[in-house]
Amino acid sequence: MRKSIGKKITMYVVLAIGALISLFPFYWAAIGATNESGKLFSKPPVLIPGSKLVENVKNLNEAIDIGRVMFNSLFVAVVYTVLSLLICSMAAYAFAKFRFRGRNIIFGIFLLSMMVPYHATIIPLFKMMANFGWLDTYQALILPNLAYPFAIFLMRQNMLAFPNSLIEAARIDGSGEWKIFFRIVMPSMKPALAATAIFLFLYQWNSFLWPLIALSSNEMYTFPVALSSLFGLSRIDYGQVMSGVTIATIPIIIFFLALQRQFISGMLGSAVK
């Protein structure tokens, strides 16, 4: 009993220390959002909230228009996540449950595409968007990478565990492939869908390099690009930067908390009802 209690205490202490280390950067950003820039570099460091939150947020809004930037980021991230989930799920279903010539070769090419450096695709992608006239538009941010290889791989691995007998029984009963996919297979993939949705949302929300290249007007900026514009050559208002970082983190936390139970189940492996 004493050994068991000692192990539990040790485990909880280690987990508490790990949690504090993980949460400290978020706490530091929140504290920085309430203080002026000079206090962020004071010795000893300031670890209590200040009184400059309203002023920092007001200055941040004047610099980047928080409402517009938040709308751009949410719209792009949500639309991309929904469309990419649909496309990647259909592709994963085809790779997992259909038998056709060259299936493994095509899937291998998808996996190999993950090894291509992202920076190598920037110039061809930019020329393509320019030819379409899509630069500085939402579709330039949403449409590329909708068929994300890792999302297809993750969904395929979960769909492989779905019993083929259920699909065959549905076909015998006269169900079409669309009905089987949306009414039978997808409801059992909720944990995997949640895990993939969080991954895709974070990927699009934190995307910086491509939006920086594809966007040219302040009205279209997403949060990473808008925050980068706050770093001037001579003076940087870190109170504004910390305010922007804190605001940009809130939607991610809300999205993860809303799907955390399904996310954990999806990462551990989904069960078939």
Side-chain angles (χ1 to χ4, degrees), residues 18-19 21-30 33 64 66 68-89 91-92 110-111 113-119 121-122 125 138-158 189-215 220-230 241-270:
I21 295 174
S22 301
L23 293 175
F24 183 76
F26 300 101
Y27 177 77
W28 176 254
I64 65 172
I66 299 174
R68 180 67 184 183
V69 172
M70 178 66 76
F71 172 80
N72 291 339
S73 296
L74 285 176
F75 179 80
V76 171
V78 171
V79 173
Y80 171 83
T81 301
V82 173
L83 293 179
S84 185
L85 266 183
L86 179 62
I87 293 174
C88 292
S89 298
F110 265 98
L111 296 183
S113 66
M114 297 172 61
M115 303 179 187
V116 178
Y118 178 72
H119 304 81
T121 65
I122 292 296
L125 188 59
Y138 290 126
Q139 54 263 36
L141 303 181
I142 296 173
L143 296 182
N145 292 324
L146 277 180
Y148 200 75
F150 180 77
I152 295 175
F153 170 78
L154 183 61
M155 291 300 302
R156 174 185 177 271
Q157 296 307 109
N158 282 271
M189 295 292 114
K190 288 181 180 179
L193 288 171
T196 308
I198 291 176
F199 174 81
L200 293 172
F201 184 86
L202 291 178
Y203 166 77
Q204 186 60 259
W205 184 270
N206 294 324
S207 180
F208 171 71
L209 181 60
W210 174 242
L212 179 66
I213 295 173
L215 302 178
M220 295 297 298
Y221 279 177
T222 56
F223 253 115
V225 180
L227 292 179
S228 69
S229 66
L230 298 176
V241 175
M242 290 300 184
S243 299
V245 171
T246 303
I247 295 173
T249 306
I250 293 175
I252 299 175
I253 296 175
I254 294 175
F255 190 78
F256 178 79
L257 291 178
L259 300 177
Q260 64 172 338
R261 182 175 299 179
Q262 298 290 343
F263 172 76
I264 295 172
S265 299
M267 297 306 293
L268 295 178
S270 60

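Starting from 1, each residue takes its place in the sequence as its number.
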*Mind checking the OG1-CG spacing from T222 to L141? Nearest 0.5 Å is all I need.*
6.5 Å
*Mark yes or no for whether S89, through its side chain, and L86, through its backbone, hold a donor-acceptor pair below 3.5 Å.*
no
_According to side chain to side chain contact (heavy atoms under 4.5 Å, CB included), who are the partners of S229, at least two apart in sequence or on a separate chain?_
I64
*Among F208, F150, Y148, find the one that has a ring pair (Phe, Tyr, Trp, His ring centres under 6.0 Å) with Y203.*
Y148
*Provide the closest heavy-atom pair for G244 versus L227 in the form atom of the first, atom of the second, distance.*
CA-CD2, 3.7 Å
*Grab the two heavy atoms, one from S22 and one from P25, that are nearest each other, plus how far apart they are.*
O-CD, 3.3 Å
_Gap between atom CZ of F201 and atom CG of N206 - 0.5 Å precision_ = 9.0 Å
Give the table of side-chain donor-acceptor pairs shorter than 3.5 Å for residues 73-85, with sequence neighbours excluded, one pair per line with atom names and distance.
{"unit_1": "S73", "atom_1": "OG", "unit_2": "V69", "atom_2": "O", "d": "3.1"}
{"unit_1": "S73", "atom_1": "OG", "unit_2": "F223", "atom_2": "N", "d": "2.9"}
{"unit_1": "Y80", "atom_1": "OH", "unit_2": "N145", "atom_2": "O", "d": "2.7"}
{"unit_1": "T81", "atom_1": "OG1", "unit_2": "A77", "atom_2": "O", "d": "2.6"}
{"unit_1": "S84", "atom_1": "OG", "unit_2": "L146", "atom_2": "O", "d": "2.7"}

_Close side-chain approach of T196 to C88, heavy-atom, < 4.5 Å_ = no
*Quick one: closest heavy-atom pair of M242 and A29, and the distance?*
CB-O, 3.5 Å
*Which atom names give the shortest non-hydrogen contact between M189 and N158, and what distance separates them?*
CE-O, 3.9 Å
*To the nearest 0.5 Å, tell me how far M114 CE sits from I152 CD1.*
10.0 Å
*To the nearest 0.5 angstrom, please state how far the CD1 atom of I198 sits from the CG atom of L193.*
11.5 Å
*Atom of A248, atom of W205 and distance for their closest heavy-atom approach*: O-NE1, 3.1 Å
*Is the shortest heavy-atom distance from the side chain of Y221 to the side chain of R68 under 4.5 Å?*
no
_Working to the nearest 0.5 angstrom, can you tell me the gap between L200 CG and L154 CG?_
9.0 Å
_To the nearest 0.5 Å, what is the distance between OH on Y138 and CG on L143?_
14.0 Å
